[in-house]
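First the structure, in the form of structure tokens, and then the observations on it.
Every value quoted in this text rests on a predicted model; they were computed, and no experiment measured them.
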Amino acid sequence: MARSRLQRWRRISQIFFLLLFFGLLVFTSLRPTPGATSDVHLRAPVRLFFLLDPLVAIANALASRALYRGLVLSLAVLLPTLFLGRFFCGWICPMGTLQHLIGGMPSEAKRGKQRIESNRYKRWQTGKYAVLIAGLVAAIFGSAAIGWLDPFSLLVRSFGLAILPAFNFAVRSILTPLEQSHIGFIKTSAEVLHSVLQATVLELRQPHFAQGLLLGILFLVILFASLRVTRFWCRALCPLGALLGAVSRWSILGLHKDPASCDKCNRCLLDCQGGDDPIGGAKWRKAECLMCMNCVGSCPHGSLEFRFFRNEPEVASPDLGRRKAMAGLAAGAAVVPLMRANTGMGKSRHDRLLRPPGALDETDFLSRCIRCGECMKVCPNTALHPTLEQAGLEGLWTPTVVPRIGYCEPSCVLCSEVCPTGAIWQITPKEKGWVVGVGQGGAASQPIRLGTAFYDRGRCLPWALATECIVCEEWCPVSPKAIYLEEAQVIDSTGNTKTFKQPRVDPSRCVGCGACEYACPLQERPAVYVTSIGESRSPSSQILLKRT
């Protein structure tokens, strides 16, 4: 009875934290709030799971030589692991819970003896420790690339940028035709359901993210791998699990095996999640155990029990081996110089790499950004997207503003509010300085600049085709406007002289928000475009000399 209660509590804990994670993820978006003021803030602490992540805290400290405020909360996970083992993986981690759910589904690859054999310890499980070593060594060299494989970054990036947008599109595609039905009951039901979903999980506008399809496919591949190998991600690749496994070697809670009552039926392996060999006659592998308690509940003879201060033979440390440890060290030491050798970190980097407002200088930014995608998920105009080649391999999936898809909202600083590591420093609308009467003419008289807009006069309608167009000037949100109009006389094809208003950019006023590029009516390639030249975060990108 006590064993079944432990499993029941574990399931309740898993469901609670899974729902909490998805609840916080859903609220990582701008939603209408009755009585809201002009200040835009989120209603929930969406960074909670990242602040509890000891892998993020350690990598951030190594890469930036400082500990960002809030990440000390990760001790709430790290310290109990010293006493209880990898309880976080088995009881709390939402990625582990998803792996658990998928791994429990029927699969032809895991039936009978195959299922028992797949749940035994395998040498490839040490791969995650090599990944951890490589990631931490890369962090010492100033790169937070380990964020690619952090489980929370993986979840937010996959769901926020791929799964939820697809769900949003599917729901609207189904409900919109039903809302237009001539049958009153169907129409009313669809409208009510749409209203409820709009207030809870649906976005105000249909989001679209570059590489969303790729990110979604990669995540589904990881999940489907669990159909063949139980908790494939947790056992083979997860660097957070490796960190907690290494720390758990000192835990005082362990698995007690009673050899007298054990008949080696191997039922304990049927539902073993970690591949830690709970069977009789084999040493229990402490670093691999996820504390799921399934082995205890499956044993028909009561031969297994978790106890404190036990004294039995076990494999306490990860069985990594010198060769894999050296491979991890070499990979971590080599990967950062290789990634940066041919990647422009200064003037030669991609000119369209526009970082969010409040982003640190590129080198510091890459040392802190964990590629989680929270800033992209929360952007109300879907202006932030994961990079592909713009920032080189090291900057893969870091955020960049894509003005053609969305522009940076003048009063919004949500991306700085949700960033868990300080890669985007938390700022206020006053410090951003884009709103009329806020941050202008006061202490923060210099607004944060993302870049500068330029014109392709060979494509601009008033310049190239003698056609009236002032859309970019109308959309410019700063005051005084960074885009101004200059009257010019143009002779058309019939020889008549016409007067047109031709747009120009005042670089001292332009903040690089991208509204002009977003609004440009030329569909193929806009006539006005924003580059990173003049961005506030980089002294080497300035084009205007400051007066002394």
Side-chain angles (χ1 to χ4, degrees), residues 346-362 365 381 383-384 400-404 406-413 415-416 424-425 427-464 469-488 500-520 526-548:
K347 293 182 179 179
S348 61
R349 68 172 181 266
H350 201 290
D351 64 338
R352 301 304 301 275
L353 182 63
L354 306 175
R355 294 301 191 188
L360 303 179
D361 185 62
E362 190 67 10
F365 182 82
N381 291 336
L384 293 175
T400 183
V401 179
V402 182
R404 203 54 182 154
Y407 63 96
C408 187
E409 188 69 34
S411 61
C412 177
V413 291
C415 56
S416 73
I424 305 174
W425 202 251
I427 58 175
T428 64
K430 181 177 180 179
E431 292 170 327
K432 188 177 181 182
W434 292 11
V435 181
V436 178
V438 178
Q440 297 186 6
S445 58
Q446 292 298 321
I448 293 176
R449 304 180 190 278
L450 309 187
T452 307
F454 291 87
Y455 278 97
D456 182 351
R457 294 186 179 183
R459 296 181 58 79
C460 183
L461 297 180
W463 284 96
C469 179
I470 59 171
V471 172
C472 53
E473 189 270 344
E474 292 175 332
W475 273 73
C476 183
V478 299
S479 180
K481 287 183 178 291
I483 296 178
Y484 62 97
L485 303 174
E486 185 178 86
E487 290 189 352
F500 287 94
K501 293 180 178 180
Q502 296 175 333
R504 297 176 182 269
V505 177
D506 184 345
S508 66
R509 298 175 182 174
C510 182
V511 295
C513 66
C516 54
E517 182 176 344
Y518 173 79
C520 182
V528 58
Y529 57 95
V530 181
T531 77
S532 59
I533 295 177
E535 60 180 349
S536 299
R537 70 192 187 108
S538 176
S540 63
S541 295
Q542 304 306 308
I543 58 174
L544 298 178
L545 296 178
K546 295 182 179 180
R547 295 180 180 178
T548 57

Using modelled atom types and a 3.5 Å cut-off, is there a donor and acceptor pairing between side-chain atoms of [X] and backbone atoms of [Y]?
X	Y	result
Lys432	Cys412	yes
Ser532	Leu354	no
Ser416	Ile427	yes
Glu431	Thr428	yes
Arg457	Ala464	no
Ser479	Lys481	no
Glu487	Phe500	no
Ser538	Glu535	no

What is the minimum heavy-atom distance between [X] and [Y], and which atoms define it?
X	Y	value
Ile424	Pro356	CD1-CG, 3.7 Å
Ile543	Pro507	CD1-CB, 4.3 Å
Pro477	Pro410	CB-CG, 3.6 Å
Gln502	Ala488	OE1-CB, 3.3 Å
Lys501	Ile470	CB-CG2, 4.4 Å
Phe365	Leu360	CB-O, 3.7 Å

Start with the C-alpha distance between Leu384 and Val401, add both sets of side-chain angles, then the distance that settles side chain to side chain contact (heavy atoms under 4.5 Å, CB included), and finish with yes or no.
CA-CA 5 Å; Leu384 293 175; Val401 179; 3.5 Å; yes
In Å, rounded to the nearest 0.5 Å, how long is the span from CG of Asp361 to OG of Ser540?
7.0 Å
Could you label the plane-to-plane angle of the Trp475 and Tyr407 rings as parallel, tilted or perpendicular, counting under 30° as parallel and over 60° as perpendicular?
perpendicular
Can you name the residues that form a side-chain hydrogen bond (donor to acceptor under 3.5 Å, both in side chains) with Glu409, not counting sequence neighbours?
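Only Asn381 meet the side-chain hydrogen bond (donor to acceptor under 3.5 Å, both in side chains) criterion with Glu409.
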For the residue pair [X] and [Y], establish whether any side-chain heavy-atom pair is separated by less than 4.5 Å.
X	Y	answer
Glu473	Tyr484	no
Arg404	Pro526	yes
Arg355	Glu362	yes
Val528	Phe454	no
Leu450	Cys408	yes

[X]: side-chain contact (heavy atoms from CB on, under 4.5 Å) partners, not counting sequence neighbours:
X	result
Arg509	Pro480, Ala482, Asp506
Glu486	Arg504
Pro503	Tyr455, Cys460, Pro462, Trp463, Cys472, Ile483, Leu485
Val511	Trp434, Pro447, Arg449, Val478, Cys513

